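All values derive from a computational prediction rather than experimental measurement.
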Amino acid sequence: QTSRAPAISVSAESCIPAGLRLGPVPGTFKLGKYLSDRKEPGPKKKVFSYAVPLVFQVRMVRGELVDEAGSSALEWIGLIRAARNSQEQTLEAVADLPGGQIFYRALRDVQPGEELTVWYSNPLAQWFDIPVTATPTHDEKGEERYICWYCWRTFKYPNSLKAHVHFHCALSHSRPFLHHDH
């Protein structure tokens, strides 16, 4: 997610097994920079794994997950949407070493038709100084909301708040990090 282009929905065409690693992620890593509370519709792309019978002529080549055109993950991995919360998350961003190359790892078996979404693993979030937790409050309608502890802006999803604090909140960059408990 390095550009402001419309989000592309990347979904599994066949089962992607838990633990499968994709990557490394090319370019500057800015996962979540353009994350918003809304799920914006956009073009769809299907990716395939050779773990089950395939559709079309797409196959796994030397253990690599490919898209419908046979392109490697390096061609489309940056198009995977940031997960707004843990319920919609299917992948996590991980690194072998702090500051090392970043990969995406399937958290569980991803079923055919399911969208791939990614968020930081806890160690990687800590490395990038991204909040690991966000505690909701409830608005007057009883709906969960997440409030920026610097500027008081509200968000519907915890990862939208975390991305805001890291990438966008001008007040968070002028003060030391405050945990939501303080």
Give the other cluster members for F103, using side-chain heavy-atom distances under 4.5 Å between Ile, Leu, Val, Met, Phe, Trp and Tyr residues; answer none if it is isolated.
-> V94
Connected to L107, directly or through other members, by ILVMFWY side-chain contacts below 4.5 Å are none
Y157: what forms a ring-ring contact (aromatic ring centres under 6.0 Å, His included) with it, not counting sequence neighbours?
-> none
By salt bridge (Lys or Arg N to Asp or Glu O under 4.0 Å), which residues pair with [X], not counting sequence neighbours?
X: R105; result: E92
X: D109; result: none
X: E143; result: R145
X: E144; result: none

Which residues satisfy the side-chain hydrogen bond (donor to acceptor under 3.5 Å, both in side chains) test with E114, sequence neighbours excluded?
-> R108
Just jot down the side-chain hydrogen bond (donor to acceptor under 3.5 Å, both in side chains) partners of T117, sequence neighbours excluded, or say none.
-> none
Contact summary for [X] and [Y], nearest pair of heavy atoms:
X: I77; Y: P26; value: CG2-CD, 3.5 Å
X: G32; Y: A163; value: O-CB, 3.2 Å
X: A95; Y: G100; value: CB-O, 4.2 Å
X: A106; Y: L91; value: CA-CD2, 3.6 Å

Considering the options T135, L161, T154, which one meets the side-chain contact (heavy atoms from CB on, under 4.5 Å) requirement together with I147?
-> T154
Exam field: side chain [X] to backbone [Y], donor-acceptor pair closer than 3.5 Å:
X: N159; Y: A83; value: yes
X: K162; Y: V132; value: yes
X: N85; Y: P158; value: no

Within-4.5 Å side-chain heavy-atom neighbours: [X] and [Y]:
X: E115; Y: V10; answer: no
X: C148; Y: V165; answer: yes
X: L171; Y: R153; answer: no

Taking only residues two or more places apart in sequence or in another chain, which ones pass side chain to side chain contact (heavy atoms under 4.5 Å, CB included) with A93?
-> F29, L31, I102, Y104, V118, L124
Would you compute the distance between atom [atom1] of [X] and atom [atom2] of [Y] and round it to the nearest 0.5 angstrom?
X: H168; Y: L35; atom1: NE2; atom2: CG; result: 8.5 Å
X: W149; Y: C169; atom1: CH2; atom2: SG; result: 9.5 Å
X: W119; Y: S86; atom1: CH2; atom2: OG; result: 12.0 Å
X: Y150; Y: H164; atom1: OH; atom2: NE2; result: 10.0 Å
X: Q126; Y: S121; atom1: CD; atom2: OG; result: 8.5 Å
X: R84; Y: Q87; atom1: CZ; atom2: CD; result: 10.5 Å

Check the pair K156 / D139 against salt bridge (Lys or Arg N to Asp or Glu O under 4.0 Å), numbers first and verdict last.
-> CA-CA 10 Å; K156 187 174 179 181; D139 65 14; over 6 Å; no
Intermediate values then yes/no, side chain to side chain contact (heavy atoms under 4.5 Å, CB included), F167 and K30 | CA-CA 9 Å; F167 292 109; K30 295 182 180 180; 4.2 Å; yes
